Amino acid sequence: SEAAAFLEGVGFDCHHRTLHFETGLASFHTIVDGLRGRMQRTGRLLQDARIVPLAAAPAWDVAALVAPEFAAPHAAILRRLSPTALDAFDLQRSVALYVGSDLAGVLIYSWHGGDVEIEVIVVSPAFRAGAANVLLLEAATRTALDGGAERFRFFCDERTRDTLGLARRA
């Protein structure tokens, strides 16, 4: 981009990139639901997993999971988890994943004129490299479809292979 060329021109080096994606929500949900279905058929879904609206998860626990992954202050995340904050997360449509009594992950998105954008997706280290991301994405995209959204935006670090794989398919 022009911005990258400018920064390199004044002495900055590219450490890594953040890539942004936009896709049709219905087609993206079909892809994610297909992955969930395959995991279910092969017995790879998490036992005792359940999805709840983010509003049902304790804000303190959500902030404790999210803050270290995004180098964000715990207090800043807590503030956005308050329904009275001007820039509050969408607590009713964003989702949390529990496995038993453990908060295994959260997917937080915001609405932009009928489209949704993932702001945060975090899975607890104990539940990574499994079905947690797929369960979160399937629930969140289904909720967005039910809410009338048509487009889906997300971003990732260029080193996040699973998200890049989903982006290629979508």
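Predicted, not measured: the structure shown is a model, and the values here were computed from it.
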(message) Do the side chains of Asp87 and Arg79 get close enough for a salt bridge, i.e. N-O under 4.0 angstrom?
(response) yes

(request) May I ask whether Ile118 and Val122 are part of the same hydrophobic cluster, defined by side-chain heavy atoms of I, L, V, M, F, W, Y residues being less than 4.5 angstrom apart, directly or through others? (result) no

(message) If I take atom CD from residue Glu138 and atom CG from residue Leu35, how far apart are they, to the nearest 0.5 angstrom?
(response) 10.5 Å

(request) Would you give the length of the straight line joining atom CZ of Phe28 to atom CZ of Phe21, rounded to the nearest 0.5 angstrom? (result) 10.0 Å

(request) Pick out which of Gln40, Arg44, Met39, Arg38 makes a side-chain contact (heavy atoms from CB on, under 4.5 Å) with Val134. (result) Met39

(message) Tell me whether the count of non-hydrogen atoms from other residues, nucleotides or ligands lying under 6.0 Å of CH2 in Trp111 goes above 12.
(response) yes

(request) Measure across Gly105 and Leu65 and return the closest heavy-atom pair with its distance rounded to 0.1 Å. (result) CA-CD2, 3.8 Å

(message) Using a strict threshold of under 4.0 Å (side-chain N to carboxylate O), is an ion pair present between Arg151 and Glu117?
(response) no

(request) Flag yes if Val123 and Leu103 sit in one hydrophobic cluster, no otherwise; membership is Ile, Leu, Val, Met, Phe, Trp, Tyr, and two members link when side-chain heavy atoms are under 4.5 Å apart. (result) no

(request) List the steps, then state whether side-chain contact (heavy atoms from CB on, under 4.5 Å) holds for Leu107 with Ser94. (result) CA-CA 6 Å; Leu107 187 149; Ser94 298; 5.8 Å; no

(message) How long is the straight-line distance from NE2 of His29 back to CG of Leu145, given to the nearest 0.5 Å?
(response) 6.0 Å

(message) Take a 6.0 Å sphere around CZ of Arg17 and say whether it holds more than 12 heavy atoms from other residues, nucleotides or ligands.
(response) no

(request) Look up atom CG in Leu7 and atom CG in Asp13, then write down how far apart they are to the nearest 0.5 Å. (result) 10.5 Å

(request) Find out if a path of hydrophobic residues (ILVMFWY) with successive side-chain heavy-atom gaps under 4.5 Å connects Val120 to Leu81. (result) yes

(message) Quick one, Ile121 with Val106, criterion side-chain contact (heavy atoms from CB on, under 4.5 Å). Give me CA distance, side-chain angles, the key distance, then yes/no.
(response) CA-CA 6 Å; Ile121 184 168; Val106 297; over 6 Å; no

(message) Distance check, rounded to the nearest 0.5 Å: Asp33 atom CG versus Leu137 atom CG?
(response) 11.5 Å

(request) Answer yes or no: is there a donor N or O on one side and an acceptor on the other, between the side chain of Ser1 and the main chain of Ala4, under 3.5 Å? (result) yes

(request) Go through the steps for Leu45 and Arg36 under the test side-chain contact (heavy atoms from CB on, under 4.5 Å), then give the verdict. (result) CA-CA 8 Å; Leu45 285 184; Arg36 186 205 49 78; 4.3 Å; yes

(request) Of all the heavy-atom pairs spanning Ala67 and Pro73, show the shortest one and how long it is. (result) CB-C, 4.3 Å

(message) For the CZ atom of Phe89 and the CZ atom of Arg80, what is their distance to the nearest 0.5 Å?
(response) 4.0 Å

(request) Considering only NZ, NE, NH1 and NH2 on the basic side and carboxylate oxygens on the acidic side, decide whether Arg128 and Glu69 come within less than 4.0 Å. (result) yes

(message) Looking at every heavy atom in both Val62 and Ala57, which two are closest together, and how far apart are they?
(response) CG2-CB, 3.7 Å

(message) Same cluster or not: Val95 versus Leu97, using hydrophobic residues (I, L, V, M, F, W, Y) connected whenever any side-chain heavy atoms lie under 4.5 Å apart?
(response) yes

(request) Test side-chain contact (heavy atoms from CB on, under 4.5 Å) on Leu25 and Glu150 and set out the steps. (result) CA-CA 5 Å; Leu25 183 57; Glu150 296 180 8; 5.6 Å; no

(message) Ring-plane angle category for Phe152 and Phe154, please: parallel below 30°, perpendicular beyond 60°, tilted otherwise.
(response) tilted

(message) With clusters defined by side-chain heavy atoms of hydrophobic residues (ILVMFWY) lying less than 4.5 Å apart, directly or transitively, does Leu136 cluster with Ile108?
(response) no

(message) Strictly distance-based, threshold 3.5 Å: is any side-chain N or O of Tyr109 a donor or acceptor partner for the main-chain N or O of Ala140?
(response) yes

(request) Side-chain contact test, heavy atoms from C-beta onward, threshold under 4.5 Å: evaluate it for Leu91 versus Pro83 and give yes or no. (result) yes

